[in-house]
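Here's the structure we're looking at; comments come further down.
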Amino acid sequence: MQAVVCDLGMLFAVIAPRGTHLWEFIRDILIHPEQHGGLMRWEDRREGVFKFLKSEAVAQLWGQKKRNSSMNYEKLSRAMRYYYKREILDRVDGRRLVYKFGKNSTGWRLGEVGV
DNA sequence: TCGATATTTCCTGCTT
DNA sequence: TAAGCAGGAAATATCG
């Protein structure tokens, strides 16, 4: 598992632009699930609702991308919560590990993908 | 160098 | 009881 995360991290370091934001990193995992070993999945693609399947693995991947080995899901989720205020994400009440893209996020909608 | 922005880190309390 | 959620506060890194 650790090796898989390591490989994915290296892959990301190559394919992702330097200034990628967290929400873009999340979006890319969802758009290219085959490259990320089912870390996340769409709950409702049209509505932009998605779920973390392997929360700690996603956090580790994000940490590798930012060269931060102490990253974990608790810290990642705090950053996610700041997106509510900016309307990059919408809150999904009562469902753990479930988030929704907001009106200020782009590139995840069908027909928009492939940017 | 400085200010703005985007996290990161730590924390407390609540919920599932 | 562990894991996750919510949000305040302060610190830090990066960029223009």
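By convention in this document, chain letters (A, B, ...) are assigned in the order of the sequence lines, proteins followed by strands, and residues within each chain are numbered from 1.
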- What residues, two or more places apart in sequence or in another chain, satisfy salt bridge (charged side-chain N to carboxylate O under 4.0 Å, His left out) together with K85(A)? none

- Query: Measuring from L89(A):CG to Y82(A):OH, what's the distance to the nearest 0.5 Å?
  - Reply: 14.5 Å

- Note on the structure: salt bridge (charged side-chain N to carboxylate O under 4.0 Å, His left out) filter on R41(A), not counting sequence neighbours, yields E43(A)

- Query: Which distance, rounded to the nearest 0.5 Å, do you find between the CG of D44(A) and the NZ of K100(A)?
  - Reply: 8.0 Å

- Below 4.0 angstrom from OP1 or OP2 of dT8(B), is there any side-chain N or O of K66(A)? yes

- Note on the structure: Per the under-4.0 Å heavy-atom filter, residues of residues 82-90 of chain A near DNA chain C come out as Y82(A), Y84(A)

- Message: Using OP1 and OP2 only, check whether a side-chain N or O of N68(A) sits under 4.0 Å from dT9(B).
- Response: yes

- Message: Measure CG/L53(A) against P/dA3(C) and give the value in whole Å, please.
- Response: 18 Å

- Query: CG of L61(A) to NZ of K54(A): how many Å apart, nearest 0.5 Å?
  - Reply: 11.5 Å

- Residue W62(A), side-chain atoms from C-beta onward, closest of dG4(C), dG8(C), dT7(B): dT7(B)

- Residue whose closest nucleotide on DNA chain C lies nearer the 5' end, R91(A) versus S55(A): S55(A)

- Message: Once you apply a heavy-atom cut-off of 4.0 Å, does L97(A) come out as touching a base, just sugar-phosphate, or nothing?
- Response: sugar-phosphate

- Are V92(A) and M80(A) in one and the same hydrophobic cluster, where Ile, Leu, Val, Met, Phe, Trp and Tyr link if side-chain heavy atoms are under 4.5 Å apart? no

- What integer distance in Å separates K65(A):NZ from dT8(B):P? 11 Å

- Item | Separation of atom CZ in R81(A) from atom C1' in dC11(B), rounded to whole Å | 12 Å

- Enter the distance from M40(A):CE to F50(A):CZ here, rounded to the nearest 0.5 Å. 5.0 Å

- Message: Between P on dG4(C) and CE on M80(A), what's the gap in Å once rounded to a whole number?
- Response: 13 Å

- Note on the structure: Here the distance between atom P of dT8(B) and atom CZ of R67(A), to the nearest Å, is 14 Å

- Using atom CE of M71(A) as one end and atom C1' of dC10(B) as the other, report the distance to the nearest whole Å. 13 Å

- Query: So how far is it from F101(A) CZ to E87(A) CD, rounded to the nearest 0.5 Å?
  - Reply: 15.0 Å

- Item | Among I29(A), V98(A), L39(A), L76(A), the one residue meeting side-chain contact (heavy atoms from CB on, under 4.5 Å) with F52(A) | L76(A)

- Query: Is any side-chain nitrogen or oxygen of K75(A) closer than 4.0 Å to OP1 or OP2 of dT8(B)?
  - Reply: no

- Do Y83(A) and V49(A) belong together in a cluster built from hydrophobic side chains that touch within less than 4.5 Å? no

- Just how far, in rounded Å, is P of dA13(C) from CG of L22(A)? 18 Å

- Task: Taking R81(A) for its side chain and R91(A) for its backbone only, find out whether a donor-acceptor pair lies under 3.5 Å.
- Result: no

- Has S70(A) got a side-chain N or O lying under 4.0 Å from the OP1 or OP2 atom of dT8(B)? no

- Could you state the OH-C1' distance from Y73(A) to dA6(C), rounded to the nearest angstrom? 12 Å

Side-chain polar contacts of residues 68-75 of chain A - donor-acceptor pairs under 3.5 angstrom, sequence neighbours left out - could you list them?
{"from": "N68(A)", "atom 1": "OD1", "to": "S70(A)", "atom 2": "N", "distance (Å)": "3.1"}
{"from": "N68(A)", "atom 1": "OD1", "to": "S70(A)", "atom 2": "OG", "distance (Å)": "2.8"}
{"from": "N72(A)", "atom 1": "OD1", "to": "E74(A)", "atom 2": "N", "distance (Å)": "3.2"}
{"from": "N72(A)", "atom 1": "OD1", "to": "K75(A)", "atom 2": "N", "distance (Å)": "2.9"}
{"from": "Y73(A)", "atom 1": "OH", "to": "Y99(A)", "atom 2": "OH", "distance (Å)": "3.0"}
{"from": "K75(A)", "atom 1": "NZ", "to": "S70(A)", "atom 2": "O", "distance (Å)": "2.9"}

- Query: Donor-acceptor pair under 3.5 Å: do we get one between R78(A)'s side chain and the base of dG8(C)?
  - Reply: yes

Atom pairs under 3.5 Å, N or O on each side, protein against nucleotides 13-16 of chain B: can you list them with distances?
{"from": "dT15(B)", "atom 1": "O2", "to": "R96(A)", "atom 2": "NH2", "distance (Å)": "3.2"}
{"from": "dT16(B)", "atom 1": "O4'", "to": "R96(A)", "atom 2": "NH2", "distance (Å)": "3.3"}
{"from": "dT16(B)", "atom 1": "O2", "to": "R96(A)", "atom 2": "NH2", "distance (Å)": "2.6"}

- Note on the structure: Between its two end axes (five pairs each) the helix from dC2(B)-dG16(C) to dT16(B)-dA2(C) turns, nearest 10 degrees, through 30°

